[in-house]
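Here's the structure, in structure tokens; my notes come after.
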There are 2 protein chains.
Amino acid sequence: MNDHLSTTFAALADPTRRAILAKLASGEASVSELAEPFSISMPAITKHLKVLENAGLISRTRSAQFRPCKLQAAPLKEVAGWVEEYRRFWSESFDRLEAYLAEVQAEEHAGKKKKKHKKKHKRSSVNH
Amino acid sequence: MNDHLSTTFAALADPTRRAILAKLASGEASVSELAEPFSISMPAITKHLKVLENAGLISRTRSAQFRPCKLQAAPLKEVAGWVEEYRRFWSESFDRLEAYLAEVQAEEHAGKKKKKHKKKHKRSSVNH
DNA sequence: TCTGTAATTAACCAATCAGCTAAATAACCA
DNA sequence: TGGTTATTTAGCTGATTGGTTAATTACAGA
């Protein structure tokens, strides 16, 4: 597991880390502030933050003895892009689009009209 | 790690498993067919399939001595929903929307007009 | 019934993970 | 300088993970 996407998914596969991200969604926070809602030790939080930072999901600055964390959402964009490739497998409207396209293609095969068309809905470009 | 979302993210945090899902995106496949592109043993594939099935990302039927797998995208819908909550943190247009709303609010505070408005962009409902 | 193919289970291994306590740094405050 | 607060590092643990090989189950077909 060394690719970017795997690292991101792994970082998100923990409710504590997702809760940390959720908190950071409302602004920067110090380590202690982030630790407050949880009943785990500070070193455990430090480790979670390291995982998130390593995945590029947070960045850290320095302010006096505090080390505030800030949400960095770029990796989530990548996740959204990946999952989007599968939207048609759950999206109702996409199913309808598929049905429509199949219908149109059937009509074309029947030879009612002969427009030339280029790609009409590429479907095999799911990347892993 | 026992919640649904964590299980799903964990299942996706492996390139082999994502490749299996990608292959299943073009239709059902047997275990051997899924194993073919990889240089790992069959039992390893069986384990990966068990992880995916456990996450609800695939379902399995029985056909003779084959056990074909089928993509089940429902959990990905949940993932898409989760990540969507963070879209504003990477989306340029959302940034512009935020700026616009801030501007509107500033005008209201200045008392130029007094329309009452209800929610104006709830921002703290990020769930983990 | 015997043989070959498909897939799983069992048992093991090394690496990683999420947590802990105790100790070490780092920076502010008096 | 010394004390307090914030955070990290070190070192340990038990559980999980991703892989292996060997054995087992399930079925099709001759």
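Chain letters run A, B, ... following the sequence lines, proteins first, then strands; residues in each count from 1.
- For the OP1/OP2 pair of dT8(C) and a distance below 4.0 Å, the side-chain nitrogens and oxygens of Arg60(B) include at least one atom meeting the criterion.
- Residue whose closest nucleotide on DNA chain C sits further toward the 5' end, between Gln65(A) and Met42(A): Met42(A).
- Residue Lys47(A) places none of its side-chain N or O atoms closer than 4.0 Å to OP1 or OP2 of dT9(D).
- Phosphate proximity of dC17(C) to His48(A): absent, as no side-chain N or O sits under 4.0 Å from OP1 or OP2.
- Residue Thr46(B) places at least one side-chain N or O under 4.0 Å from the OP1 or OP2 atom of dT8(C).
- Between Ser39(A) and Ser32(B), the residue anchored closer to the 5' end of DNA chain C is Ser32(B), taking for each the nucleotide with the nearest heavy atom.
- Put simply, the side chain of Ser63(B) never gets that close to the backbone of Phe66(B): no donor and acceptor are under 3.5 Å apart.
- The CD-P distance, from Glu36(A) to dA6(D), rounds to 13 Å in whole Å.
- When the side-chain nitrogen and oxygen atoms of Arg62(A) are compared with OP1 and OP2 of dA27(C), one or more of them lie within a distance under 4.0 Å.
- Between Leu12(A) atom CG and dC17(C) atom C1' the separation is 16 Å, expressed in whole Å.
- For dG19(C), neither phosphate oxygen OP1 nor OP2 lies less than 4.0 angstrom from any side-chain nitrogen or oxygen of Ser41(A).
- For the pair Asp14(B) CG and dA15(C) C1', the computed distance is 14 Å after rounding to whole Å.
- Arg18(A) and Asp3(B) are joined by a salt bridge, as a carboxylate oxygen and a charged side-chain nitrogen come within less than 4.0 angstrom of each other.
- Ring geometry for Trp82(A) against Phe9(A) counts as perpendicular: the plane angle is over 60°, on a 0 to 90° scale with 30° as the lower cut.
- Each of Phe66(A) and Ala44(B) lies near DNA chain D, and the nucleotide nearest Phe66(A) is the one positioned closer to the 5' end.
- In this structure, Asn54(B) places its CG atom 13 Å from C1' of dT16(D), rounding to the nearest Å.
- Between the CD1 atom of Ile45(A) and the P atom of dT8(D) there is a distance of 11 Å, rounded to whole Å.
- Spacing between atom CG of Leu49(B) and atom P of dA6(C) amounts to 15 Å, rounded to whole angstrom units.
- Whole-Å rounding puts the Arg67(A) CZ to dA27(C) P distance at 7 Å.
- In the hydrophobic cluster analysis, where Ile, Leu, Val, Met, Phe, Trp and Tyr join through side-chain heavy atoms closer than 4.5 angstrom, Ile40(B) is grouped together with Leu52(B).
- The side chain of Arg17(B) contributes an N or O atom lying less than 4.0 Å from OP1 or OP2 of dG18(D).
- Between Glu53(B) and Lys50(B) there is no salt bridge, since no side-chain nitrogen of the basic residue lies less than 4.0 Å from a carboxylate oxygen of the acidic one.
- Atom pair Glu33(A):CD and dT5(D):C1' shows a separation of 14 Å (rounding to whole Å applied).
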